[in-house]
Amino acid sequence: MTSILRLALPVPLNTLFDYRAPEAVVAAPGCRVLVPFGRRQVVGVVVERATDSELDDNKLKPIERVLDAAPLLTPELLATLRWAARYYQHPLGEVVQAALPVALRSARGLPESGVPALRLTAAGHAARGDPQRRRGTRLDALLDALAIGPLSGADLETRVAGFASAVRTALARGWIERVRVASATRPHAANAGPPLNEEQRQAADAVIAASEGFAPFLLDGVTGSGKTEVYLEIIRDCLARGRQALVLVPEIALTPQALRRFRERLGVDIAALHSGLGESERARAWLAAARGEAPVILGTRSALFVPLPNPGVIVIDEEHDTSYKQQEGFRYHARDLAVMRAKALGIPVLLGSATPSLESLANVGAGRYRSLPLRHRAGLATPPALHVVDLRRQRLQHGLAASTLDAIAACLAKGEQVLVFKNRRGYAPVLLCHDCGWSAQCPECERALTLHRHAGRLRCHHCGFEQAIPRACPSCGGLALHPLGEGTERLEEALSARFPDVPIVRVDRDTTRGRRMRDALFDSLPDAGARILIGTQMLAKGHDLPHLTLVVVVGVDEGLYSIDFRASERLGQLVVQVAGRASRAERPGAVILQTHDPAHPLLGVLLNGGYRALAAQLLEDRHNAGLPPFAHFALLRAEVKQRDVLDAFLAVAATAANDPAIITHGPLAAPMPRRAGVFRGQVLIEAADRAALQGFLPTWLDAVRALPGERKLRWSVDVDPVDLY
DNA sequence: AGCACGCCGACT
DNA sequence: GTCGGCGTGCTC
């Protein structure tokens, strides 16, 4: 007598695979198993147990080995993943694979448990007893801290500030050694933090009161209103009830400082899950959560898939942030899935933002989410003033108006910092011949090459192409090649020419690579005096900059006139977020918006009514235009080297999409019709409601999969896409 | 996605 | 004669 195991395998196939398991083998749903698959071996996850299979018994292979004695994935997580696979039209095997940390996707043993820690050696004890030892040094403090027992890095950090070099010294001298200890070895006292104000109290109480069931909340808190204090209060209550809290933050916000703040305020170890972590550390944190040992899990997008055996609450900070949407493979939205997970878990979910997404505001409007407003700015007299600078008929200096430069000068004269935003790196986005109209284009993409003057190169920001800057126009031979438009590099040049004595820091992908570099940079900024920061979106968030009082948004018009219908929402969010960065209790901040259309209605709404008014207007516009969140989209994208193959495929796919419940748009050109030599196109499916879309997609995609030339190109579906035009 | 099988082109 | 191109089929 054998039983059947239905497995999710890491292959892009829309099916589960049945295997035989001897009676003696116990592999509950959620366990990983090693199985033969074709001519190779793969790790799969048991989804169901069954007594019979649609296939003949002789077709079924026996499983090779059970990898987990107890299920790694909880029933709820498995159910949520199945739901997500269906909703996003992605094979369950790949969805399950995406949920597992990389280290658990192979059959190798689980990583060592426990957290890395340091322990005093015998030599260390001796050194501590040495009457000659120098007191009051960090090394001394380190030895004292470890004298009682081993400590994790996190615990050490709270006891000995800046212990890294002391650790190196002590390790070199053989006074301490690296060991592993169970997590949360030494819970420390939590710092109380400031008392909650009335609004914060009400918000926290509302969530706490609902903590025994599913309840979605939007914590709609203006900048500086102390959203984090509300999170902390809710998590504290959750911990007191012995439950786990899952907190998701945008990639850029998961800094060592944020971790330390949570740890100090909650008095427990925080399991961190982000891309900066090594794979075995990631798996360890994930397993700690899965075993219920980690009380608080703080992570980015993919941390949403951590098993929660004792679920208490899910918090999505900066819920409007676009990094919650996975943009390749299994294209899920972590914020949307978080709500589904909370529903499956029967716990509250709290979405927090100073600039909520229109989707969430619509959900509040429809009564699906409860709004928890925080309108009071802690200790802040006035919000920063927004100023519109009219660029028309002005002589600009590399894109900056004279009045903007005067405002910067005034700000610097007071010893304060200035932030200049331009969402475009390089010197200029176009190199144009003034004689014949030629401009430098990428040979592989249908886009202009960006001039990088310092590097002396023309670069394509969409593929790897680059070339030297031509001296003469390749088309007419003329010498009138001019940079058109501004990038951060040009702004830096212009501002350093105008303010030669002021230190300037440029932050974009060309100057700042990797999170470590960015963290180091931000660490150095707050204490610095007068200076100018120039940067792309990278600068919109990050650490607190206490000396920042002026923000200049150079590229406002791009947000007002973009082909992407979400651009105006993002512009509003950017302006409000950066305005928040310039807000100080002591000094009033200001934001300058440079535009050629000062009378643009959306600017007026933003200036007079702030983000709330802008959001209301944008929601009305979306409603009138039949755009999300009042319509529901799915996007079929395809790309191939041969244009005719693309056109033929999309034409047939669009024709196959005829159903009274949906509207088919296209085939359409992609925002980048050619990228790195590959032609790209798409078919857009629109439906009035999710159910209609969900009802239509499976049959259509089955038909698309069955198309003859389907294997000749790369194609994918994106349900609820965020970057169609 | 892998991985094999299989049937046509220029090479040690 | 064979190495290797990628079309097609299959994976419980």
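Sequence lines set the chain letters: A, B, ... in the order given, protein chains first and strands last, and positions in each chain run from 1.
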What about A:Tyr332 and A:Phe305, are their ring centers closer than 6.0 Å?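 Distance test on ring centres: under 6.0 Å, yes.
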
Do NZ/NE/NH1/NH2 and the carboxylate oxygens of A:Asp702 and A:Arg705 come within less than 4.0 Å?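 Yes, charged N to carboxylate O under 4.0 Å.
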
Min side-chain heavy-atom separation [X]-[Y] under 4.5 Å:
X: A:Leu351; Y: A:Arg335; result: yes
X: A:Arg566; Y: A:Arg622; result: yes
X: A:Pro667; Y: A:Phe649; result: no

Base, sugar-phosphate, or nothing for [X], non-hydrogen atoms under 4.0 angstrom?
X: A:Tyr19; answer: sugar-phosphate
X: A:Pro10; answer: nothing
X: A:Arg711; answer: base
X: A:Leu60; answer: sugar-phosphate

So A:Phe17 and A:Phe37, would you call those rings parallel, tilted or perpendicular, with 30° and 60° as cut-offs? perpendicular

Going 5' to 3' along DNA chain C, between which two nucleotides do contacts with chain A fall, using a heavy-atom cut-off of 4.0 Å?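 Here the contact window of chain A covers C:dG9 to C:dC12.
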
In whole angstroms, how far is the P atom of B:dC3 from the CG atom of A:Leu13?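 Nearest whole value for this atom pair: 14 Å.
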
Whole-Å distance separating the CZ atom of A:Arg39 from the P atom of B:dC3: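 A:Arg39 atom CZ is separated from B:dC3 atom P by 11 Å.
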
